[in-house]
Structures are given as C-alpha cells and as structure tokens.
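Worksheet: one structure, shown below.
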Amino acid sequence: LYFDQLPFSKNAMTLVKKLLIKENNNNYSLAFTQGSNLNKQQLQNNWVAGWLEHEKHPVFFVLNTQSSNNTSDKTVGLVKKCLKDLGYMN
C-alpha cells in the first residue's frame, strides 16, 4: 500500500493511506490499522500493523499480542513506545 503497488487504483490507495494516518506532525507521520479477536482458548488477540514515515523514509511495523482481557489500546501504546525508543518519534 505504501508504495502504491497493490492491484487497486491509485486514487483508492491514496484514500486508504489518508484514512490510516493517526498522527501527522513536522517530525513524523504515523499510519496504522488495528484489530482484535478471541481465539479458541478465549484469549484476546490484538494486532497493529502500519508504518511511520520519518525524514521521508518508511519504517514498517506489525505487533501481535495476546492476553486474557482486551488490551488493544495498550498494544498501540506499546508500538509507540518501541518507535520512540528507536528514535523515530521525537
């Protein structure tokens, strides 16, 4: 999606990319989607997938967590903490 290489129109991909942007400032742009579901053991699977654009370069990420309760907000927070620790979100 980031490189416009999917079998969809450029307009459709541009629209989806804009919808995925959650934070945008002078230092970076953070775009992601997230989801969750219960597995067979009744544990909550939470995932986040997206990219951070920093100095015109993308950093792609995916995180999957599992817990006994809904921690989807914590999963996004963990992604942000990792990106900050790596120096991408100053």
Side-chain angles (χ1 to χ4, degrees):
L1 179 63
Y2 181 85
F3 295 110
D4 296 329
Q5 295 178 345
L6 296 176
F8 303 104
S9 73
K10 182 153 174 64
N11 287 341
M13 289 186 286
T14 299
L15 176 62
V16 171
K17 285 190 287 189
K18 286 180 182 178
L19 290 172
L20 293 178
I21 294 174
K22 309 296 189 221
E23 294 181 27
N24 193 15
N25 59 45
N26 292 335
N27 297 322
Y28 64 86
S29 176
L30 180 64
F32 63 86
T33 187
Q34 67 186 79
S36 63
N37 69 308
L38 286 176
N39 65 18
K40 291 179 183 178
Q41 294 81 26
Q42 296 300 304
L43 294 174
Q44 186 79 28
N45 290 321
N46 301 296
W47 55 267
V48 180
W51 66 86
L52 179 135
E53 188 176 288
H54 178 261
E55 297 178 0
K56 304 283 183 187
H57 298 287
V59 176
F60 300 100
F61 58 85
V62 176
L63 178 65
N64 183 51
T65 62
Q66 189 176 79
S67 68
S68 58
N69 54 23
N70 188 347
T71 58
S72 59
D73 292 338
K74 291 180 182 178
T75 305
V76 171
L78 185 55
V79 166
K80 288 182 177 183
K81 181 177 179 346
C82 290
L83 291 169
K84 284 179 186 176
D85 288 350
L86 291 168
Y88 293 114
M89 295 178 71
N90 298 327

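From a predicted model like this one, the values you see are computed outputs, not experimental measurements.
Residues Asn64 and Val62 form no side-chain contact, since every pair of their non-hydrogen atoms from C-beta on lies 4.5 Å or further apart. Under the 4.5 Å side-chain criterion, counting only non-hydrogen atoms from C-beta, Leu38 is not in contact with Leu43. The shortest side-chain heavy-atom distance between Asn46 and Ser67 falls under the 4.5 Å cut-off. In this structure the side chain of Met13 never reaches within 4.5 angstrom of the side chain of Gln5, judged on heavy atoms. Using a 4.5 Å cut-off on side-chain heavy atoms (C-beta onward), Gln34 and Val76 make contact.
Heavy atoms only, all atoms of each residue included: Asn24 and Ser29 are closest at OD1-CB, 3.5 Å. The two residues Gln66 and Asn45 make their nearest non-hydrogen contact at NE2-OD1, 2.9 Å. Residues Trp51 and Phe60 come closest through the heavy atom pair CB-CD2, 3.6 Å. When every heavy atom of Lys80 is checked against every heavy atom of Met89, the shortest pair comes out as O-SD, 3.8 Å.
When hydrophobic clusters are built by joining Ile, Leu, Val, Met, Phe, Trp and Tyr residues whose side-chain heavy atoms come closer than 4.5 Å, directly or via intermediates, Leu19 is not grouped with Ile21. Both Phe61 and Leu86 belong to a single network of hydrophobic side chains, linked directly or stepwise wherever heavy atoms of I, L, V, M, F, W or Y lie under 4.5 Å apart. Leu20 and Leu83 end up in different hydrophobic clusters when Ile, Leu, Val, Met, Phe, Trp and Tyr side chains are linked at under 4.5 Å. Both Phe8 and Val16 are assigned to one and the same hydrophobic cluster, defined by single-linkage of ILVMFWY side chains at heavy-atom distances under 4.5 Å. Residues Val79 and Val59 fall within the same hydrophobic cluster, defined by Ile, Leu, Val, Met, Phe, Trp and Tyr side chains chained together at heavy-atom separations under 4.5 Å.
Defined by atom type and a distance below 3.5 Å, a donor-acceptor pair is missing between the side-chain atoms of Glu53 and Tyr28. Donor-acceptor pairing under 3.5 Å is recorded for the side chains of Ser36 and Gln44.
Residue Lys81 qualifies as open at atom NZ: its count of foreign heavy atoms under 6.0 Å is 12 or below.
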Decide ring-ring contact (aromatic ring centres under 6.0 Å, His included) for Tyr88 and His54; before the verdict, give the C-alpha distance in whole Å, the side-chain angles of both, and the deciding distance to 0.1 Å. CA-CA 6 Å; Tyr88 293 114; His54 178 261; 5.7 Å; yes
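Once rounded to the nearest 0.5 Å, the distance linking CG of Asp4 with OG of Ser9 reads 10.0 Å.
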